[in-house]
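Have a look at the structure below, then the notes.
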Amino acid sequence: MSRTCSLLWGLSDVEEKMGLRQSLQGADVPQARTIYLNEPLRNTFCENSISTAKYSKWSFLPRYLYLQFSKTANAFFLFITVLQQIPDVSPTGKYTTLVPLLVILVISGIKEIVEDYKRHMADKLVNSKNTIVLRQNAWQMILWKEVNVGDIVKATNGQFLPADMVLISSSEPQATCFVATSNLDGETNLKIRQALSETAAMKTEKQLSSLSGKIKCEGPNFHFNSFVGTLYLNSESPISIGPDQILLRGTQLKNTEWILGIVVYTGFETKFMQNAVKSPLKRSKVEKVTNMQILVLFLLLLVMSLVSCVGAILWRDRYRAEPWYIGKKDYDYHSFGFDLLVFIILYHNLIPISLLVTLEIVKYIQALFINWDEDMHFKGSNVCAMARTSNLNEELGQVEYLFSDKTGTLTCNIMTFKKCSVAGIMYGQSPCSISDSYEFNDPALLQNFENDHPTREYIKEFLTLLCVCHTVFPEREGNNISYQASSPDEAALVKGAKKLGFVFTARMPNSVTIEAMGEELTFEILNVLEFSSNRKRMSIIVRTPEGQLRLYCKGADSVIYERLSENSLFVEETLVHLENFAKEGLRTLCVAYTDLTEIEYEQWLVMYKKASTVVQDRIQSLEDCYDRIEQKFLLLGATAIEDRLQARVPETITSLLKANIKIWVLTGDKQETAINIAYSCKLLSGEMPRIQLNANSLEATQQMINQNCQDLGALLGKENDLALIVDGKTLKYALHVEVKKSFLNLALSCRTVLCCRLSPLQKAEIVDVVKKQVKAITLAIGDGANDVGMIQTAHVGVGISGNEGMLATNNSDYAIAQFSYLEKLLLVHGTWNYFRVTKCILYCFYKNVVLYIIELWFAIVNGFSGQIIFERWCISLYNVIFTSLPPFTLGIFERCCSQESLLRYPQLYRISQTGDIFNIKVLWIQSINAIVHSFILFWLPAKMLEHDMVSQGGYTTDYLFLGNFIYTYVVVTVCLKAGLETLSWNKFTHFAIWGSIMIWLGFFAVYSSLWPTVAVAPEMTGQVNMALMCPHFWLGFFIVPIVCLIQNVAWKSIRNTCHRTLLEDVREMESSGVQVLRRDSARRWLETQDAPEVQAHGARAGGPGAARGEARRGRAGRSSARWEGVGVRAGCSPPLTQSRRILPVREANATPDAPPVECGTPGHPDLGGDGVTGFERVGARTDAGATRALEARHRPSLPLCTPLQPQVSRSAAGGYGERRRRSKLAAVLRGDAQLGLLETNSRRTRLLRVWKFPDSSGGQPASSAGVSTHTMRSGPQGRLSPGAQLWVFACEERAGPRTHLLADP
Amino acid sequence: MAMNYNAKDEVDGGPPCPPGGTAKTRRPDNTAFKQQRLPAWQPILTAGTVLPTFFIIGLIFIPIGIGIFVTSNNIREIEGNVFMYYGLSNFYQNHRRYVKSRDDGQLNGDPSALLNPSKECEPYRRNEDKSIAPCGAIANSMFNDTLELFQVGNASDLMPVPLKKKGIAWWTDKNVKFRNPPGTDPLAERFKGTTKPVNWVKPVYMLDSDEDNNGFINEDFIVWMRTAALPTFRKLYRLIERRNDLHPTLPAGRYYLNITYNYPVHSFDGRKRMILSTISWMGGKNPFLGIAYIAIGSISFLLGVVLLVINHKYRNSSNTADITI
């Protein structure tokens, strides 16, 4: 937990409450500092120049090397390199590991340098910007980096501020200024700052130069919105400085001619830089498994070395001494340990040296693909998806638990004032009225106001409060007033009031002007009691135009209700209304006021002044102080604000649920609101039973949970169609040690979990608990500062770049603009990346095992002497050159199936989610496969060359001749194996596979003719001529890789045939350009049968899917149709999704009037069908026909007859035998289904054949059919009549509500 | 990117997306590469799709295998050039310390390496303060039996079969890799300052009388220096060239092989052999490859049949979503 907490720096108030702030600051408590005015030299604080670069010129090499060699694999290779320097140990020479290692280090190094160079340049640019500073009593232009603490800086409009400073004075009246803080917090509204009245007059050089005194303030910290300081001017009493006087580095001066400020923090001590923290390093599951696998390989390496050592001992024992022809050596010298080192060096390449750098590059490009994704570009704010880390790309494919924030994540966070309740009367449109206008449009309120309704005064007060009690800024452009607000709720309320005739027109530092029904009123603002998530309310103390002291307050119902005075009216009615609002998913606020007496206020003011100058714990003492005066409220009413769902949220959620992702909504909002949102985004459904946990004590919670667990009984621990709803208070108890386990059991047995009223810390805690308990991959998505905790805690954190600032985005691993992009991010990028990364890793392991186990086989015949069979540099370059490309193409371009299919069949996500294709077991299988391959690759050529008489000249050969044979075959086999693993070959794949083989052959040719011109590889001299001229080489060239791979091919194809997976089905459909019938698409057509315009498709490079996606996006409505309907590859007709008509097989446009057809004629003796009910007539192309079909749909006993349009091109008059082109039609049907074939000509329609498929009950994939040509030809009506056209249709009985057809296990 | 600070923000002025800000759209390029829609071929491996491949492999490999097998076995008749090999077994020419014990610089005639051979040659690097030429264990253990072949005539007289010494080494070895020390002096002069390998009877420049086959470029020596891959190996020893078209190279009859026994193999349980062979287009007799081709062809064919059965069985009862019409 401590780790988690230390990351939650964005949550000051919560931390404080939890006592975590201390622990956080414990490490480096920032010292309070004293700044002496006009004496910059007395200050020794950090410089204002910043450097975000990782390295300097001199520190690069040591730091970089340290970083690299702290990676285990690199350290291992360094160790091997060192070993190789021991004389006579290395079988492969001294530098054969060093060189590839250097190559790899150089590649990573270049990447680092390029990245760091960019940072250096950016730093330089920033550091050398100009600013004006008062030095030696005159304004001087200096560079940013020369600014010191204590300097007086002058900034002009539009400038960025060079450091954090205290505002002294400005050009504006009352020494105000405006700043844009979007760099810091992403909020786009302007903020107002105001200088202290004591300093406001200091504007001239002379005044400023004579300024003396000091500023005491807290040490540097990262809280943007807090500053605690005190100004001591000589001969004056100390003056408190607060956040209102602070101008931060990174902000931009707006609408202000100039300002003067005293610098208080510089460089890295500015709040801006303090916020640039390092994100926690997250490692993906795959990475962990990979480390494990490297360890396994290391063990294998040790075992092989030991076996070889023993072999060497046995070999020597056979002769008691070594044969005479081998140079005699001192025997002790060749001890066991020495041999072990030899063999470790010999086999060390089992561990793939290039894996790390390959993965680094691959993941970098994968991240680029995410950034480049057009589908994740949000036009609304012109934001692309951004992968802020590339470590977790494949983790996106394994997510099992999704924790989502509600506001701003599921919803737009665009607030509209929708309803209100004033004095016990509810206003606003009724829930059933559907209107395009999202705003408040109930005239009754104004009527009541104008017609002297008894509640008139309350209405006036209510609207006045909305106009006055807020922190919104008006911005005038001509006659238009727009509002700048940090809280969208406030803006919505002010806008709502404006519409009702109460217009907030101007804000002065000490007053607010409104126009109430044309009458201008000015309220003097005495105090603003700010909002905080802890207080859940904000108040404002004003002097009304009448001179009355009044406190207006608006806030959450819970905090307002506990502060109501006994005299307050409409308490009950408002409560009912609040519930109603919440049920509709609206956000509610209560508004209340209280009148203050002068004495009361004076007394409070004293307290307030005291609290506001406290240096330590100022916020807490202020809150206590506010609490004193926020009492005895009189309730006015409540407001209801709507926060609309983001586009496509329900569809996304449905699709993610299908992908077996459990979705938990964690929100700070009210339970009712949360439930409502959950309904509207289809997370909850009407028939879904709900378990609600609301308890006030530990015991009650425990009892409730146990009760529910008991009720579930055997279902506990399985996934049930249940929803669990918990509130924050109960959750606090539920996460107690003794209850935690049963609570989690319960929660994990539910399909949906809603947690409401959570604090940010609780959000993080839940994620943490689930993460530890279920060991599944978790993803947290959120948009606000309160989500930072969970975003950093979860395995994958996704930030929504929305209206609530950059905090969530800056702490996330992936940033997207809309919740719905999660679908693409997870289902497409996640799945692909998972496939890519795992395949790339497994393949890297495979190719290394294949090559280097061969050394073991060779050791058997060379007396375990450690001799290598290949030329030493060939061994080193294997990973760096000859087989370096296939891992890249696997890692970058591999596609298990198309994006459209992945989105259409979210079930495909489960393949990557379960992680079955990548674990230790898979590695073992792969390794054993590699060992078998290496066995074949060694022994087959060895046997081929057994008698050394293979060349046409009768020449005998040497060991390296065999080695080169084997090496060539290894390269070919390994490259082809990459091809076998590749599910999708594009041009790069071809290049990598064939290119690698060519590169090796080319290298072989060149390398064999270097000696003695270049002093390398004398043993290779002449090898290429001999090898390539040798018929055995070419005979082996074809047979050896085939022998290796034939088993893989056979095994793969048998498995694919016998245990068909969904993926295989989908791939097959894709590659044959098949259509898929989907019931829901059929239904949609029936509902909108006038609609379909034929879509253009197939034109784009991306094929039909792309175009269709495009076309569909254009359609109105929230249909779930974005990716529906697989296209027709070469079809001339519209895709099935929109052609709900029987079309002739041959050409779509050749049938002006399709005759009605009969289908589903079961029991007809000629037709071979038996025992199905009734007829259905379906007219084609006519509305009448469609209507009839629609009717059929409502008669459940009759099958829905859905004609399909197959992609067959054939001679109309010919028999089946004349088929020229094969084409496939996929009909995926649920329930009892039939497929039929009928024939029409001008006179009649004949049913040729019906195939029936009984519903395969339960978990099996939906009934579907595979019917061969043969079967059809042997049907009762074997030949078509002349001129006839062929039709295919499908009937399915309506079964169940589930409409997802293809394999729904 | 460990830091989330980006100094550029301060310069450009704005978070990544100022709403309503820059008019420039960040919409990513719609290229097939960036959108990952590159056209691609999706191979589908099912029994049905790979069936033909297996049969084709079977159909191609079996005939090839038979062809190879027949060719290899036809090498019986002694026609054309006959190659004479000696064979050693249980001789580990591929032992690590043996393989590396040579100096290719020296063998290439490098004068400095001649007098100062590489350390790899130890312990056959120097003898009595003189460098050994050729140095190293390989050279030291050169095969030095001599084989002479005689045809037994009608009157039991022995007619020597002419054995050709040259043309048994790789062209590149003879002409590129192995060179005598440079100079025009007699070989003995050029090898001055060196001594013969320990086990040798005579120095390297006295291996043969023929200047072109003496010293480092002696072909027997070159052949020996190519260390064999396996502990049982053959080395080409002599060529028996065909004299005219009418007679077989070695006509049927009795032959007498005279072996001068020098080379000790008993200490390591070694065996020596002498092999006479002709060479076909694909080398000497070795039926292995032919058998391998036939075997793989057959296995492939069998697998094809198995797949056919599987395909048949699963196609009709399978849950595939396909109808073939």
Picking from [options], which has the most non-hydrogen pairs under 4.5 angstrom with chain B?
| options | answer |
| --- | --- |
| A/Thr989, A/Leu945, A/Asn371, A/Ile1054 | A/Ile1054 |
| A/Thr1021, A/Ile1039, A/Val828 | A/Ile1039 |
| A/Gly1036, A/Pro1031, A/Cys897, A/Gly979 | A/Pro1031 |
| A/Gly963, A/Ala815, A/Gly953, A/Ala942 | A/Gly953 |
| A/Ile869, A/Leu940, A/Thr389 | A/Leu940 |
| A/Asn986, A/Leu1035, A/Asp373, A/Val1049 | A/Leu1035 |

Region of [X] that comes under 4.5 Å of a non-hydrogen atom in chain A:
| X | answer |
| --- | --- |
| B/Val176 | both |
| B/Ile68 | side chain |
| B/Ile138 | neither |
| B/Phe54 | side chain |
| B/Asn90 | both |
| B/Thr232 | backbone |

Nearest 0.5 Å please: distance from the [atom1] atom of [X] over to the [atom2] atom of [Y].
| X | Y | atom1 | atom2 | value |
| --- | --- | --- | --- | --- |
| B/Leu38 | A/Arg895 | CG | CZ | 7.0 Å |
| B/Gln42 | A/Glu1068 | CD | CD | 11.0 Å |
| B/Leu45 | A/Lys1052 | CG | NZ | 7.0 Å |
| B/Ile168 | A/Tyr955 | CD1 | OH | 9.5 Å |

Are the side chains of [X] and [Y] in touch, meaning some heavy atoms are under 4.5 Å apart?
| X | Y | result |
| --- | --- | --- |
| A/Met1026 | B/Thr172 | no |
| B/Leu307 | A/Ser1053 | yes |
| A/Ile1046 | B/Leu303 | yes |
| B/Arg226 | A/Thr957 | no |
| A/Ser984 | B/Trp41 | no |
| B/Gln36 | A/Trp832 | yes |
| B/Arg37 | A/Gln899 | yes |
| A/His947 | B/Lys285 | no |

Please classify the contact between [X] and chain B as side chain, backbone, both or neither, with a heavy-atom cut-off of under 4.5 Å.
| X | result |
| --- | --- |
| A/Leu962 | side chain |
| A/Thr982 | backbone |
| A/Ile1042 | side chain |
| A/Cys384 | side chain |
| A/Val342 | side chain |
| A/Phe1038 | both |
| A/Ser951 | backbone |
| A/Lys379 | side chain |

Can you tell me if [X] uses its side chain to pair, donor with acceptor, with the backbone of [Y] under 3.5 Å?
| X | Y | answer |
| --- | --- | --- |
| A/Gln952 | B/Trp281 | yes |
| A/Arg1067 | B/Pro43 | yes |
| A/Asp948 | B/Phe233 | no |
| B/Thr227 | A/Asp958 | no |
| B/Asn94 | A/Val861 | yes |
| B/Arg96 | A/Ser865 | yes |
| B/Gln35 | A/Trp372 | yes |

Pick from [options]: which one has the most heavy-atom pairs with chain A under 4.5 Å?
| options | result |
| --- | --- |
| B/Tyr92, B/Phe288, B/Tyr293 | B/Tyr92 |
| B/Lys235, B/Met225, B/Glu120 | B/Lys235 |
| B/Pro287, B/Ala169, B/Ser267 | B/Ala169 |
| B/Trp171, B/Phe91, B/Trp170, B/Phe83 | B/Trp170 |
| B/Ser101, B/Cys121, B/Ala228 | B/Ala228 |
| B/Lys119, B/His95, B/Arg179, B/Arg102 | B/His95 |

Any chance the rings of [X] and [Y] have centres within less than 6.0 Å?
| X | Y | answer |
| --- | --- | --- |
| A/Tyr325 | B/Phe268 | yes |
| A/Tyr959 | B/Tyr98 | no |
| A/Trp324 | B/Tyr263 | yes |

side-chain contact (heavy atoms from CB on, under 4.5 Å) evaluation trace for B/Tyr85 with A/Met949: CA-CA 10 Å; B/Tyr85 296 88; A/Met949 306 190 307; 3.2 Å; yes
B/Asn286 and A/Val950: CA distance, side-chain angles, deciding distance, side-chain contact (heavy atoms from CB on, under 4.5 Å) verdict: CA-CA 9 Å; B/Asn286 183 357; A/Val950 288; 5.7 Å; no
A/Lys943 atom NZ: more than 12 heavy-atom contacts under 6.0 Å: no
CA sep, side-chain torsions, deciding dist, call: B/Lys313, A/Thr1057, side-chain contact (heavy atoms from CB on, under 4.5 Å): CA-CA 10 Å; B/Lys313 192 176 154 203; A/Thr1057 312; over 6 Å; no
A/Asn382 versus B/Arg27, closest heavy-atom pair with distance: OD1-N, 4.0 Å
